[in-house]
Amino acid sequence: ADAKDLIPRQDGVWNSHGIAQRMIASLKASGRAVPAYLQLAADELSPRLERASFAMHCFWEGEARLGGLAGVTETRAGWIEGKEVVEVLFDSDRMAYGDLIDKAREMRCASVVFAHSDDQLSKAQAKAGVVAERTRAPAGDAKASDRKYHLLRSPLRFQALTPMQATRINSELALNGDPRRWLSARQARVADRIQIQLDRDGSALKGFERPDGLAGQIEYQRRLLARLVELESGSQ
């Protein structure tokens, strides 16, 4: 920046969300593209995340469609009161709850809206034609083989991913998009190494299961890289 500030200085930015936002603002001010993975980091770390749940005919389709919406940071397939649901975390600064309901209904992913607060219930009931119920518990997990269905059937299932990356990549795979655009350059290189080994032996990474949440990702990545080194060196 020729020794000049790109954006006004700001004190008290101590958390990862704030730092990511500042990085994005600096890139934009300099006319440079913002990597998709950096925008994901800022979105995923937003302090304004809210939970919403929608019943539908198929949570494979629900995760694929809802997981691609701007403002949605994570999806989870599960059950509420015997109904297939997709539980969504979304940034209420980027998408209002009412707008999320509208999007879900347009995609036929909201046969029932399960409200997690009285405020959500009143907003859902205010919309014509919406069937809304109050629920006071998170959705129970769907079986592992039904969660992130499309990612689970891709070589990218072995890649260490944040929950939001997994959500976006699952959606891209389902809708024939480009899943790799959500990876950092370092992750893309690891994905290439994974693909090479799976092409040689489809069971090369048998037993490796990526953690769903952020916890355990670093240790998983360490084990994965160690295994790739073993395979690349010819050690079994």
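Quantities reported herein were computed from a predicted structural model and do not represent experimental measurements. Both backbone and side-chain heavy atoms feed into the values below; hydrogens, waters and symmetry mates do not.
- The backbone N or O of G18 sits less than 3.5 Å from a side-chain atom of N15, completing a donor-acceptor pair.
- In the displayed structure, M23 atom CE is contacted under 6.0 Å by at most 12 heavy atoms of other residues, nucleotides or ligands.
- Side chain of R76 to main chain of A139: a donor-acceptor pair is present (N/O by atom type, distance under 3.5 Å, no hydrogens or angles).
- Counting only N and O atoms by type, the side chains of E63 and T75 include a donor and acceptor under 3.5 Å apart.
- Put simply, the side chain of E74 never gets that close to the backbone of P163: no donor and acceptor are under 3.5 Å apart.
- Taking every heavy atom of both residues into account, S30 and L6 meet most closely at CB-CD2, 3.9 Å.
- Between D201 and Q197, the side chains place no donor N or O within less than 3.5 Å of an acceptor N or O (distance only, hydrogens not considered).
- A side-chain donor-acceptor contact under 3.5 Å links S46 and D91.
- Contact check on D192 versus R180 returns a salt bridge, with a Lys/Arg side-chain nitrogen under 4.0 Å from an Asp/Glu carboxylate oxygen.
- Every residue two or more places apart in sequence or in another chain that forms a ring pair (Phe, Tyr, Trp, His ring centres under 6.0 Å) with F59 is listed here: W79.
- When atom types are taken as modelled, the side chain of R105 and the backbone of D102 share no donor-acceptor pair closer than 3.5 angstrom.
- Other residues, nucleotides and ligands contribute at most 12 non-hydrogen atoms within 6.0 Å of the NZ atom of K28.
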M107 vs L69, side chain to side chain contact (heavy atoms under 4.5 Å, CB included): CA-CA, chis, key distance, verdict: CA-CA 11 Å; M107 297 183 294; L69 293 176; 3.8 Å; yes

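- For residues 53-62, the side-chain hydrogen bond (donor to acceptor under 3.5 Å, both in side chains) pairs, not counting sequence neighbours, are S53-H116, H57-E61, W60-D146, E61-R65.
- Contact between S92 and E50 at its shortest, heavy atoms only, is CB-OE1, 3.7 Å.
- Contact between F158 and L205 at its shortest, heavy atoms only, is CE2-O, 3.5 Å.
- Side-chain atoms of R134 do not come within 3.5 Å of backbone N or O of F114 as any donor-acceptor pair.
- Judged by the 6.0 Å and 45° rule, R153 forms a cation-pi pair with Y149.
- Looking at every heavy atom in both residues, A33 comes nearest to L27 through O-CD1, 4.0 Å.
- Side chain of R51 to main chain of V88: no donor-acceptor pair is present (N/O by atom type, distance under 3.5 Å, no hydrogens or angles).
- The main-chain N or O of G213 is found under 3.5 Å from a side-chain atom of Q217 such that the two form a donor-acceptor pair.
- At least one donor-acceptor pair closer than 3.5 Å links the side chain of H17 to the backbone N or O of A42.
- Under 3.5 Å, the side chains of T162 and E44 contain a donor-acceptor pair of N or O atoms.
- Taking the six-membered ring where the residue is Trp, F208 and Y220 present perpendicular rings, their angle passing 60° and hence far from 30°.
- A donor-acceptor pair shorter than 3.5 Å can be found between the side chains of Q187 and Q165.
- Panel note: side chain D141, backbone G78; no donor-acceptor pair is recorded below 3.5 Å.
- For T135, there are no side-chain hydrogen bond (donor to acceptor under 3.5 Å, both in side chains) partners two or more places apart in sequence or in a different chain.
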